[in-house]
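Let me begin by presenting the structure, written as structure tokens, before commenting on it.
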Amino acid sequence: QVQLVESGGGLVQAGGSLRLSCAASGRTFSTYAMGWFRQVPGKEREFVARLNWRSGSTGYADSVKGRFTVSRDNAKNTVYLQMNSLKPEDTAVYYCAADRSMRYSTAVNEYDYWGQGTQVTVSS
């Protein structure tokens, strides 16, 4: 049973930083692709960042490039999203996702497992 548990969300002022964690269990994730997505009420879930667990390759949405960094800790089976220079428009529920086929996609429907989400609120 694959489980993804996000943590680290909260309230921060514009310009501040947060680090989200996604603890993965139930599998060895070295053959998975991981993604971070976010969603605000009334809008579709959108891609934020992706990680090829085996190679460490990463990719980002244009809106976060240069401000967010995705990384992994193999020993802890955990993926992180370091978010710097946060803006009010980054406010959303952030979700971690896993793709067992390692498609390394930006598409929501190509991820098989999802966490419960963690709220990030950036005040102006």
Side-chain angles (χ1 to χ4, degrees):
Q1 184 84 4
V2 173
Q3 271 199 310
L4 304 174
V5 179
E6 301 101 332
S7 61
L11 173 64
V12 63
Q13 287 190 331
S17 299
L18 282 174
R19 188 177 79 158
L20 305 183
S21 299
C22 173
S25 63
R27 296 282 304 189
T28 300
F29 286 85
S30 60
T31 59
Y32 279 54
M34 304 297 292
W36 284 98
F37 293 78
R38 64 188 182 187
Q39 189 170 21
V40 298
K43 291 191 174 182
E44 293 189 353
R45 194 167 296 187
E46 67 172 8
F47 165 75
V48 174
R50 57 186 172 173
L51 171 78
N52 179 313
W53 198 301
R54 176 181 289 168
S55 69
S57 298
T58 59
Y60 300 92
D62 287 343
S63 59
V64 307
K65 203 171 291 183
R67 300 188 298 123
F68 289 13
T69 303
V70 60
S71 63
R72 74 199 187 294
D73 184 325
N74 291 330
K76 295 183 179 180
N77 234 25
T78 299
V79 176
Y80 302 99
L81 184 68
Q82 177 67 43
M83 306 187 294
N84 298 329
S85 302
L86 282 161
K87 305 174 182 180
E89 51 264 44
D90 294 318
T91 295
V93 177
Y94 282 72
Y95 297 91
C96 172
D99 168 21
R100 60 177 178 252
S101 300
M102 207 191 282
R103 285 164 288 193
Y104 193 56
S105 173
T106 62
V108 170
N109 62 0
E110 293 195 338
Y111 285 81
D112 304 295
Y113 306 102
W114 292 84
Q116 82 288 353
T118 185
Q119 176 70 47
V120 171
T121 303
V122 184
S123 63
S124 57

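Leu4 and Ala24 make their closest contact through CD2-CB, 3.7 Å (heavy atoms, listed as atom of the first residue, atom of the second, distance). Residues Ala49 and Leu81 share a closest heavy-atom pair of CB-CD1, 4.1 Å.
Between atom OG of residue Ser17 and atom CZ of residue Arg19 there is a gap of 12.0 Å, rounded to the nearest 0.5 Å. Atom OG of Ser124 and atom CD of Gln13 lie 9.5 Å apart (nearest 0.5 Å). To the nearest 0.5 Å, the span separating OG1 on Thr91 from CD on Gln119 amounts to 7.5 Å. Atoms CZ and CG, on Arg50 and Asp99 in that order, are 11.0 Å from each other to the nearest 0.5 Å. To the nearest 0.5 Å, atom CZ of residue Arg45 and atom CG of residue Asn109 are 12.0 Å apart.
Listed by chain and residue number, Arg38 satisfy the salt bridge (charged side-chain N to carboxylate O under 4.0 Å, His left out) test with Glu46 (two or more places apart in sequence, or in another chain). Residues satisfying the side-chain contact (heavy atoms from CB on, under 4.5 Å) test with Gln116, not counting sequence neighbours, are Val5, Glu6. The side-chain hydrogen bond (donor to acceptor under 3.5 Å, both in side chains) search around Lys65 returns Asp62, not counting sequence neighbours. Qualifying side-chain hydrogen bond (donor to acceptor under 3.5 Å, both in side chains) partners for Ser25, counting only residues two or more places apart in sequence or in other chains: none. With sequence neighbours left out, Ser105 forms a side-chain hydrogen bond (donor to acceptor under 3.5 Å, both in side chains) with Glu110. Looking at residues two or more places apart in sequence or on another chain, you find a side-chain contact (heavy atoms from CB on, under 4.5 Å) between Val12 and Leu18, Leu86, Val122. Looking at residues two or more places apart in sequence or on another chain, you find a side-chain contact (heavy atoms from CB on, under 4.5 Å) between Thr31 and Arg54, Met102. Taking the side-chain hydrogen bond (donor to acceptor under 3.5 Å, both in side chains) definition, one finds that Arg27 meets it with Tyr32, sequence neighbours left out.
Residue Met83 is tested with Val64, Val48, Leu20 for a side chain to side chain contact (heavy atoms under 4.5 Å, CB included); the sole match is Leu20.
Judged as a disulfide bond (SG atoms under 2.5 Å apart), the pairs with a partner in residues 78-124 (not counting sequence neighbours) are, in order, Cys22-Cys96. For residues 79-122, every residue pair satisfying the ring-ring contact (aromatic ring centres under 6.0 Å, His included) rule, not counting sequence neighbours, is listed here: Phe37-Tyr111, Phe37-Trp114. The ring-ring contact (aromatic ring centres under 6.0 Å, His included) analysis of residues 49-68, with sequence neighbours excluded, yields the pairs Phe29-Trp53. Within the structure, no pair that satisfies the salt bridge (Lys or Arg N to Asp or Glu O under 4.0 Å) test touches residues 69-85, not counting sequence neighbours.
Phe47 and Val79 are members of different hydrophobic clusters when ILVMFWY side chains are connected at heavy-atom separations under 4.5 Å.
Proximity of Val70 to Met34: side-chain heavy atoms (C-beta onward) are nowhere separated by under 4.5 Å. Two residues are said to be in side-chain contact when any heavy atoms from C-beta on lie closer than 4.5 Å; Val2 and Arg100 fail this criterion.
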Q.
Between Val108 and Glu44, does the side chain to side chain contact (heavy atoms under 4.5 Å, CB included) criterion hold? Intermediate values first, please.
A. CA-CA 10 Å; Val108 170; Glu44 293 189 353; over 6 Å; no
